[in-house]
Amino acid sequence: MKKVGFFRSIQLKFIIIYILLLLVAIQVIGSFFTTELENNLVTTFEDSIASRVELLSYNLEQAFNRERDEENPDQPSLKEEVQSIVSEVDTQDISSLQVVDNQSRVMATNDYNSRDEINKKTTRGIIQRTLTTNSTEHSNNVRDNDRFYVLAHPIVDEKNRDIVLGVIYLEASLEPVYDQLMSINEIFFQGSILAITVSAFIGILVARTITKPIIEMRRQAQKMARGDFTQKVNVYGWDEIGHLAETFNDLNNQLKHSYATIEEERRKLSSVLSNMSDGVIATDNSGAITLMNEPAGRLIGHNPDDVMGSYLLDILHLEDKMVDITELHNSGSMIIDFGENDEDFIIRSNFSTVLDEEGEITGFITVISDVTEQEKVEAERREFVSNVSHELRTPLTTMRSYVEALNDGAWEDKEIAPKFLGVVHNETERMIRMVNDLLQLSKMDAKEYPLHKERVEFVSYYHQIIDRFEMQTPKGIHLQRELPNGSYYVWMDKDKMTQVLDNIITNAIKYSPEGGTIKLKTEYKRHQLLISIQDEGMGIAYDKLEKIFERFYRADKARTRKLGGTGLGLAIAKELVEAHHGQIWATSKEGKGTTVYFTLPLMNQKRRGA
């Protein structure tokens with residue numbers, strides 16, 4: 001996982017939020033403090049001016065109301081006394097001070113630059129309003145970027161306070177007040193910068209205390225994603241983050257237990273899928289393969305890792321049979337032919353659906369198995385039943401025809417009746433032989449046909465078999481022996497081996513032409529005997545040679561039926577030879593005859609000595 005940079009981290013966000021909150025607080029406090037401080041300083045300044053004006057007003061009222069003797073030269077005039085009072089006023093804050101009589105004439109001023117205005121009328125509106133309303137007027141004005149305070153205070157008669165004798169007019173600069181306010185703001189700003197710096201440092205510490213457990217939980221979450229549940233998150237306190245860390249540790253324990261359970265189930269499932277003989281293919285709801293075990297890969301001839309994401313219908317060669325994957329679960333089971341180059345390979349596929357809690361299809365499970373042998377067995381069973389039915393129908397049909405003829409009166413004909421009864425007898429014998437052969441094959445298939453083996457010297461035994469056939473062989477057929485000298489012992493069931501040789505030699509005699517020779521040969525081949533019976537008959541085509549050991553197969557059906565064959569002799573011989581741990585096969589050329597070979601293992605020295 002990519003590491004989170006500092007400028008994108010929650011720690012920086014905590015610091016920024018903390019500083020922004022502090023800035024907002026400082027801004028609100030600063031605005032309120034500056035406004036209130038300004039109002040307070042201005043009010044204090046105005047109160048100071050007002051108190052001084054009150055004193056000045058009292059002195060001027062005394063001067064205006066004092067009775068004067070005009071003939072006394074030592075007594076100052078009103079203007080002189082007013083000027084004297086005005087001159088004594090402290091001009092530290094008051095930049096301009098004038099006394100105006102009720103005729104709007106300037107009587108005195110403390111500004112030497114404005115002495116030419118004495119005895120002149122003034123037109124200032126604030127003075128006129130004060131003279132008219134007998135009330136104090138004041139305002140804050142700005143001139144040449146300088147702020148100053150203007151005040152007009154009435155001078156009234158002591159006896160009649162409604163009579164205005166004059167007006168005190170003054171202008172006081174407010175710049176010292178605002179300079180003081182600026183100095184205080186600068187101090188406040190410096191204090192704010194210091195507070196922000198300290199708060200930022202504290203914010204970093206606080207943010208680290210908050211983010212450190214979160215960073216640890218993130219690292220632990222990354223380890224948990226990799227399957228490592230051994231670590232724990234440190235709990236630094238019992239606040240909300242501490243509770244979160246404790247809950248995270250509980251989650252780690254639960255996930256560890258769940259992961260172990262899931263891993264155990266996964267291993268079980270993997271072991272089951274790997275060791276089961278059937279193939280399993282899992283897909284999503286679209287039919288894309290998400291899981292395939294090794295048996296399935298071997299059955300369909302694809303590496304399971306290479307087909308991940310492939311479409312199931314394409315892999316199973318069903319794209320022409322089905323258009324939609326959702327049709328699979330309706331089919332239930334399906335036989336698919338994977339055979340190539342004349343090789344049979346048949347697979348049975350069973351389909352089922354995977355449903356979620358709401359009953360929606362989330363995927364499909366396909367189980368495939370190799371049923372080639374089963375299908376072959378089933379086909380052979382069907383063919384066997386068909387052949388048995390066919391073989392029995394022919395003699396039964398023949399017998400019914402002759403019996404019906406006898407019932408119709410042929411039994412009274414002394415020449416025809418014996419012939420008909422002879423045919424019925426032959427067909428009956430043929431069916432008995434067929435049923436006996438079928439019972440024998442059935443017992444061998446069910447392993448209910450025990451062999452009674454004994455120690456037999458094969459060459460002398462073989463001579464006895466050939467001697468018996470020479471006595472029964474039709475004239476013109478010659479049996480040629482090519483048997484070795486010496487003793488060769490075989491552990492075998494004499495009756496069963498006699499049946500094998502009888503079936504093979506009988507077939508050779510049946511298919512040999514008149515005057516033909518049948519070669520009966522035995523050879524020693526590496527701890528076993530190779531026995532061969534060669535005739536000079538019509539031979540068998542190469543593509544049909546392997547079929548002569550199948551049940552009910554006849555190379556020449558017409559001739560075999562005519563001679564009473566059941567088509568089971570070589571099949572029985574094959575079963576009996578293999579029961580003696582030997583092998584049987586045949587070679588043939590059309591028109592030149594057929595040779596049947598089979599092998600029998602020789603007894604070892606120890607067993608022979610015993």
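What you see is a predicted model; the values in this text were computed from it and never measured.
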Inset, instruction - May I ask you to decide if Leu97's main-chain N or O and Thr109's side chain share a donor-acceptor pair within less than 3.5 Å? - result: yes
Legend entry - Reported CG-to-CG distance for the pair Leu41 and Leu37, which is rounded to 0.5 angstrom: 4.0 Å
Legend entry - Pairwise distance CG(Leu174) to CG(Leu181) - rounded to 0.5 angstrom: 11.5 Å
Inset, instruction - For the pair Ser51 (side chain) and Ser48 (backbone), establish whether a donor and an acceptor sit closer than 3.5 Å, ignoring hydrogens and angles. - result: yes
Inset, instruction - Check the surroundings of atom CD in Gln27: do more than 12 heavy atoms from other residues, nucleotides or ligands lie under 6.0 Å from it? - result: no
Legend entry - Val100 backbone acceptor or donor facing Ser104 side chain under 3.5 Å: no
Inset, instruction - Spell out, as yes or no, whether a donor-acceptor pair under 3.5 Å connects the side chain of Thr130 to the backbone of Pro154. - result: no
Inset, instruction - For atom NZ of Lys232, decide whether the heavy atoms of other residues, nucleotides or ligands shown that lie under 6.0 angstrom number more than 12. - result: yes
Legend entry - Those residues that, when tested against Ala245, pass side chain to side chain contact (heavy atoms under 4.5 Å, CB included) (two or more places apart): Val233, Val235
Legend entry - Contact check, side chains of Ser173 and Asp146, non-hydrogen atoms, under 4.5 Å: no
Legend entry - salt bridge (charged side-chain N to carboxylate O under 4.0 Å, His left out) involving Glu186 - partner list, sequence neighbours excluded: none
Legend entry - Flag, side chain of Gln98 to backbone of Ile118, donor-acceptor distance under 3.5 Å: no
Legend entry - Under the ring-ring contact (aromatic ring centres under 6.0 Å, His included) test, residues paired with Phe33 that sit two or more places apart: Phe188
Inset, instruction - Report, as yes or no, whether the 6.0 Å neighbourhood of atom NE2 on His257 holds more than 12 heavy atoms from other residues, nucleotides or ligands. - result: no
Inset, instruction - For Tyr259, check ring-ring contact (aromatic ring centres under 6.0 Å, His included) against everything at least two apart and list the hits. - result: Phe229
Inset, instruction - State whether the side chain of Asn252 and the backbone N or O of Phe248 hold a donor-acceptor pair below 3.5 Å, judged by distance alone. - result: no
Inset, instruction - State, to 0.1 Å, how close Phe364 and Asp284 come at their nearest heavy-atom pair, and which atoms those are. - result: CD1-O, 3.6 Å
Inset, instruction - Using a strict cut-off of less than 4.0 Å between a Lys/Arg side-chain nitrogen and an Asp/Glu carboxylate oxygen, indicate whether Arg267 and Glu264 qualify as a salt bridge. - result: no
Inset, instruction - Would you please name every residue forming a side-chain hydrogen bond (donor to acceptor under 3.5 Å, both in side chains) with Asn134, sequence neighbours left out? - result: none
Legend entry - Closest approach of Leu131 to Val164 (non-hydrogen atoms, all atoms of both residues): CD2-CG1, 3.7 Å
Legend entry - Donor + acceptor pair across side chains of Tyr178, Arg147 (<3.5 Å): no
Legend entry - With sequence neighbours excluded, residues passing ring-ring contact (aromatic ring centres under 6.0 Å, His included) with Tyr149: His138
Inset, instruction - Kindly say whether Val354 contributes a backbone atom to a donor-acceptor pair with the side chain of Thr362 at under 3.5 angstrom? - result: yes
Inset, instruction - Look at the side chain of Asn293 and the backbone N and O of Val280, then say whether any donor-acceptor pair between them is shorter than 3.5 Å. - result: yes
Inset, instruction - Assess whether atom CZ of Arg219 is packed by more than 12 heavy atoms of other residues, nucleotides or ligands within 6.0 Å. - result: no
Legend entry - Nearest heavy atoms of Ala288 and Gly309, plus distance in Å: CB-O, 3.9 Å
Inset, instruction - Check the side chains of Thr34 and Asn185 for a donor-acceptor pair under 3.5 angstrom, ignoring hydrogens and angles. - result: yes
